[in-house]
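What follows is one structure encoded as C-alpha cells, with my remarks underneath.
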Number of protein chains: 2
Amino acid sequence: MRSEAELTKLFREGGKKITPQRQCIFRILQDNQTHPSAEAIFDAARLEMDSISLKTVYQTLNELVEIGEILSLDFGTGAFRFDPNNSAHHHLICTKCGQIRDLQLANLVPELPSELAQGFRVSKAEVTYRGICVRCDN
Amino acid sequence: MRSEAELTKLFREGGKKITPQRQCIFRILQDNQTHPSAEAIFDAARLEMDSISLKTVYQTLNELVEIGEILSLDFGTGAFRFDPNNSAHHHLICTKCGQIRDLQLANLVPELPSELAQGFRVSKAEVTYRGICVRCDN
DNA sequence: TGTTTGTCAACAATCTTTGTTATTTACTAT
DNA sequence: ATAGTAAATAACAAAGATTGTTGACAAACA
C-alpha cells in the first residue's frame, strides 16, 4: 500500500474526496501487519474519531481493495481480513491463536501443470499454511 | 467420506442417533463434487423431505466436519462450502462462474522451509488456484 | 412396549456486511 | 474568501449466513 500522500493523489484523481475519516484509516493501515478485520480497524479509528461509523470504514476499505491498494482475505474466521501488503505473497496461520503472518515466497509458488488444470486458464495461486506458532507451542 | 453404512456405525458409536434427515444428508453428500453450500444441501434435501429445517442441515454438517468426514471450506463467497473429499487435496476456482474443482496434487504441495516458517510448526498447506474455466473462457 | 435421551422443526438471535437517506463536508470555480 | 455542487458521512435499517433455545417427537435399547 502506498503512502498517505500518494493515496491522497490517487483518490483525488479518481474523483474521490479526502476526509479526516479516510486519512485516519490510511494511517491505521500503513505498515499494519496484523491483518485486521473491519471491526478492528473501526475500533482503532474510534480512538481518534469517536463519531466515525463502521459503514465508513467498510466503504473506504472497499475502495482501497477496488484500486488494488490493499487485499481483502477470507480465512474462514467469520470476517474478512485486510492486508496493506498488496504484493504477491502467501499466509501462515496459527490454528490456536488465529494470528496471520505474511509469507514472501516468490520461488516456492507451485506452478500448476496444464494437464492438471482441467482446462482452466490459471491466473493466481494462493498458499495457506496452517500450524502452531512459537508462543502457542508448549 | 465413508459410506452411509459406515457413517451409521460411526454415529451410533459416538452416541448419536440415525434419523431419516441425517441419512438424506449423507446421501446428498456421497460422491458430491459440487462443493455445495449448506443452503444448496438444504434445497436438495427438501426435495425428499419437505419439512427438514436448515438448522438440522447445519447441525449434521458440523458433526460430519467434527469427525473429519467432510471438509468445510471458505473461499470468500459468502457461505461455507462442504467437500466430502476429505483426503489431502487442493482447489481450482473459476473467478467468473464460481465453480470449484478438487485438485489431487500430492507431489506439488510446497514444503515450507523452516527458515521461512517464523517458528511455526506447520501441519497443513492448502493451495487455491484461481482462473477462468473452459466454459467461461470465450 | 415403555423409557430414556438425543434430535427435530420452529423461531429468535447474532454477526458481518450492505442498502438508504438526510445532513454535512470537501473541492472547484468564481 | 465565498458560494455552488457533488460526494461522504452518520444513523439506521436490512440482508444473508450461522447459531442459540425450546418443547414436541422419535430412535435406540432393554
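Residue numbers start from 1 in every chain, and the chains themselves are labelled A, B, ... in the order their sequence lines are given, proteins ahead of strands. Quick caveat: nothing in here was measured; it's all calculated off a predicted structure.
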Study note, to complete from the structure: Contact string for nucleotides 22-30 of chain D, one letter per nucleotide 5' to 3', B = base within protein heavy-atom range under 4.0 Å, S = sugar-phosphate only, - = neither, reads ----BBS--
Exercise for review: Rounded to the nearest 0.5 Å, what's the gap from SG on A/C136 to CZ on B/F120? Could you check?
Suggested key: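 Answer for the SG-CZ pair, A/C136 versus B/F120, is 8.0 Å.
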Exercise for review: Please assess A/T60 against A/E63 for the test side chain to side chain donor-acceptor pair (under 3.5 Å), listing each intermediate value before the final yes or no.
Suggested key: CA-CA 5 Å; A/T60 302; A/E63 286 166 338; 4.5 Å; no
Rounded to whole angstroms, how far apart are [atom1] on [X] and [atom2] on [N]?
| X | N | atom1 | atom2 | answer |
| --- | --- | --- | --- | --- |
| A/D50 | D/dT9 | CG | C1' | 14 Å |
| B/E13 | C/dG6 | CD | C1' | 17 Å |
| A/K55 | C/dT16 | NZ | C1' | 13 Å |
| B/R46 | C/dA10 | CZ | C1' | 14 Å |
| B/I25 | C/dT7 | CD1 | C1' | 12 Å |
| A/F42 | C/dC15 | CZ | P | 15 Å |
| B/I52 | C/dC11 | CD1 | P | 17 Å |
| A/D43 | C/dT16 | CG | C1' | 14 Å |

Point to revise | Proximal nucleotide (of D/dT9, C/dT18, D/dT18) relative to the A/N62 side chain | key: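 Nearest listed nucleotide: C/dT18.
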Review point. Between B/L54 and A/E39, which is nearer to the 5' end of DNA chain C once each is assigned its nearest nucleotide?
Key: B/L54
Exercise for review: Can you establish whether the number of heavy atoms outside A/R27 located under 6.0 Å from its atom CZ is more than 12?
Suggested key: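 Yes - once you tally the heavy atoms of other residues, nucleotides and ligands closer than 6.0 Å, there are more than 12.
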If the cut-off is 4.0 Å, is [X] near the phosphate of [N], judged by side-chain N/O to OP1 or OP2?
| X | N | value |
| --- | --- | --- |
| B/Q59 | D/dT19 | no |
| B/S53 | C/dA10 | no |
| A/Y58 | C/dT17 | yes |

Study note, to complete from the structure: When B/G78 and A/Q21 are each assigned the nearest nucleotide of DNA chain D, the 5'-most assignment goes to A/Q21
For the residue pair [X] and [Y], is the inter-centroid distance of their aromatic rings smaller than 6.0 Å?
| X | Y | answer |
| --- | --- | --- |
| A/Y129 | A/H90 | no |
| B/Y58 | B/F80 | no |
| B/F11 | B/F26 | yes |

Review point. Would B/N85 and B/S87 count as a side chain to side chain donor-acceptor pair (under 3.5 Å) if you check the C-alpha gap in whole Å, the side-chain angles of each, and the deciding distance to 0.1 Å?
Key: CA-CA 6 Å; B/N85 176 359; B/S87 66; 2.7 Å; yes
